[in-house]
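The next block holds one structure in the form of structure tokens; read it before the comments.
Throughout, protein chains are lettered first and strands after them, A, B, ... in sequence-line order, and every chain is numbered starting at 1.
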Amino acid sequence: MLDMRLIRENPELVKQGLANKFDTSDLDKIVNLDEKRREIIRQVEKLKGQRNKASAEIAQKKKAGESADDAIAAMRQVGQDIAALDNELREIDQELQTALSWLPNLPHDDVPVGKDESSNRFVREWGEKPQKDFEVLPHWEIGESLGILDLEAAARLSGSGFYFLKGLGARLERALYNYMLDMHIADGFLECSVPVMVTSETLFGTGQLPKLAEDMYKTERDDLYLIPTAEVSLTNVYRGEIIDHTMLPMYMVAYTPCFRREAGAAGKDTRGMIRVHQFTKVELVKIVRPEKSPEELESLLIQAEKVLQGLKLPYRVMVLATGDLSFASAKTYDLELYAAGVDRYLEISSVSTFDDFQARRMNCRFRDAEGKVRFPHTLNGSGLALARLIPAILENYQNADGSVTIPDVLRPYMGGADKIG
RNA sequence: GGAGAGGUGGCUGAGCGGUUGAAAGCGCUGGUCUCGAAAACCAGUGUGCCUUCGGGUACCCAGGGUUCGAAUCCCUGCCUCUCCGCCA
């Protein structure tokens, strides 16, 4: 949620930000609703002042045993006027809140302006693409031939867009998330195990609702959504609360399944486990003091990179263009992992700062050392997505004989095994 | 799922439909005292909105309703607790 005060006082700045994000919301309408809202508040509060005064007098008279019938009769009309204005105010409030809830966050000044990913800017890269003197099979082929990935079984159970790992494949997933969790915990993140079904209020808080309703699974009977990312459960942990500044910065990490309908993605990445409806992910979330958030973003990015460096997987860092940013994000770095079998870069982590956009939607605040109540900044980053990591390992660590070498750092988690196959 | 009880400030906990934004206690902050600390005493201590910056107004789980007037009465929803049932 954007600050209404900012919109009111600096509409041109907000308009520019929205334009850079290629958002077409009618900001003038919002400014007008806001003005109308304040006008009604001025009127109704004046009447309420009268009413409160009269009520006190009525109470006094009754106490003194005098008749207050005249005063009561006189206030009857005022009471009706107040009710009418309150109704009008409620409607305008609702209209204004709805309009505000559809406004995306504003991008930072240093985010490249552009309508899609072709404007994303290269930041840095790490590692060498593996040189292979044989044809590297894509992960779905090598996975099937090693007997560790059974996409047919997954389709039998759930239809297209699911994966079924077996044996050392399932073990590899477990090794990966244990490796990642251990690393993040050692670096100060609080390990959390969280609900994967949440209410619409929770999804509103992080900005998935109202805009992304079509991209999520919903349990109609109970009105709960399956989370598309653990960001939702972690970030909302103090929704509606005022926390003490000594709790900041708060670093959290959780391993969860994630659920995405991938509506509108038909035809893209139809093979293998790169784009699926259910995948697992280790997610990192930070809640921090506003003045610290730029450096917290950089260190969060480094935290995600550390996983790939440990696994010796080559990647590049991109900063997303304004048009490629998600609804709630003010600035996002993508980590793109090179996978030799499909011969392309896969988005494996998205590291974002939301400024106070999510905190406002969640109404999550903190009391600073001076006792002042303020909105914190929230950030998150994948650390990392397993359904992209496993294909990259199966492809980049593939050997000519059809086996796959297990990265050094995972071997302790794999019962000492050094290769699959 | 069935039966019952209940949701009040950071916490505990009062609160006949009418000076109740809300007693009291605890906690916290500042002060006095002290070489310093503890104790004691004194003072302060919620959030949002509107504002002509004097103030005004709203909020006692949430949303409706009754009333001149609601923390207090009524309805709906959510949540918590106890007992039973079911169950990993």
Going from CD on A:Gln97 to CE on A:Met1, what distance comes out if it is rounded to the nearest 0.5 angstrom?
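Here the interatomic distance stands at 5.0 Å.
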[X] near the nucleic acid: base, sugar-phosphate alone, or nothing, with a heavy-atom cut-off under 4.0 Å?
X: A:Lys62; result: base
X: A:Asp244; result: nothing
X: A:Val44; result: nothing

Choosing from B:rC68, B:rG46, B:rC50, which nucleotide comes nearest the side chain of A:Arg367?
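Nucleotide nearest to A:Arg367's side chain: B:rG46.
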Of the candidate nucleotides B:rG18, B:rC49, B:rU47, which contains the atom at the shortest distance from the side chain of A:Ile41?
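Looking only at side-chain atoms, A:Ile41 lies closest to B:rC49.
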Using a cut-off of strictly less than 4.0 Å, decide whether [X] has a side-chain nitrogen or oxygen near OP1 or OP2 of [N].
X: A:Asn52; N: B:rU57; result: yes
X: A:Arg42; N: B:rC50; result: no
X: A:Asn87; N: B:rG64; result: no
X: A:Arg38; N: B:rC49; result: no
X: A:Arg76; N: B:rU67; result: no

Can you work out whether A:Lys46 or A:Arg8 has the more 5'-proximal nearest nucleotide on RNA chain B?
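Its nearest nucleotide being more 5', the pick is A:Arg8.
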Given that A:Ile72 and A:Gln60 both sit by RNA chain B, which one's nearest nucleotide is further toward the 5' end?
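In this pair, the answer is A:Gln60.
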Please classify the glycosidic conformation of B:rG55 as syn (within 90° of 0) or anti (everything else).
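Nucleotide B:rG55 adopts anti.
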Students often mix this up, so state it plainly: with edges at 30° and 60°, are the rings of A:Phe162 and A:His277 parallel, tilted or perpendicular?
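Tilted, since the angle between the ring planes falls between 30° and 60°.
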Please report, rounded to the nearest Å, how far the P atom of B:rG17 is from the CD1 atom of A:Ile58.
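About 18 Å, once rounded to whole Å.
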Expressed in angstrom and rounded to an integer, what is the separation of A:Lys48 atom NZ from B:rG18 atom P?
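Rounded to the whole Å, the gap is 20 Å.
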Within 45° cone of A:Phe204 ring axis and under 6.0 Å: A:Arg361 NZ or CZ:
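Cation-pi check for A:Arg361 and A:Phe204: passes.
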Kindly give the heavy-atom pair with the smallest separation between A:His377 and A:Asp356, and that separation in Å.
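The pair with the smallest heavy-atom distance is CD2-N, 3.5 Å.
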Should B:rG36 form a Watson-Crick or G-U wobble pair with both distances under 3.5 Å, which nucleotide is its partner?
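Looking at the geometry, B:rG36 pairs with no nucleotide.
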Could you please name the partner base of B:rA43, counting Watson-Crick and G-U wobble pairs only when both distances are under 3.5 Å?
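Its partner is B:rU29 (Watson-Crick or G-U wobble, both distances under 3.5 Å).
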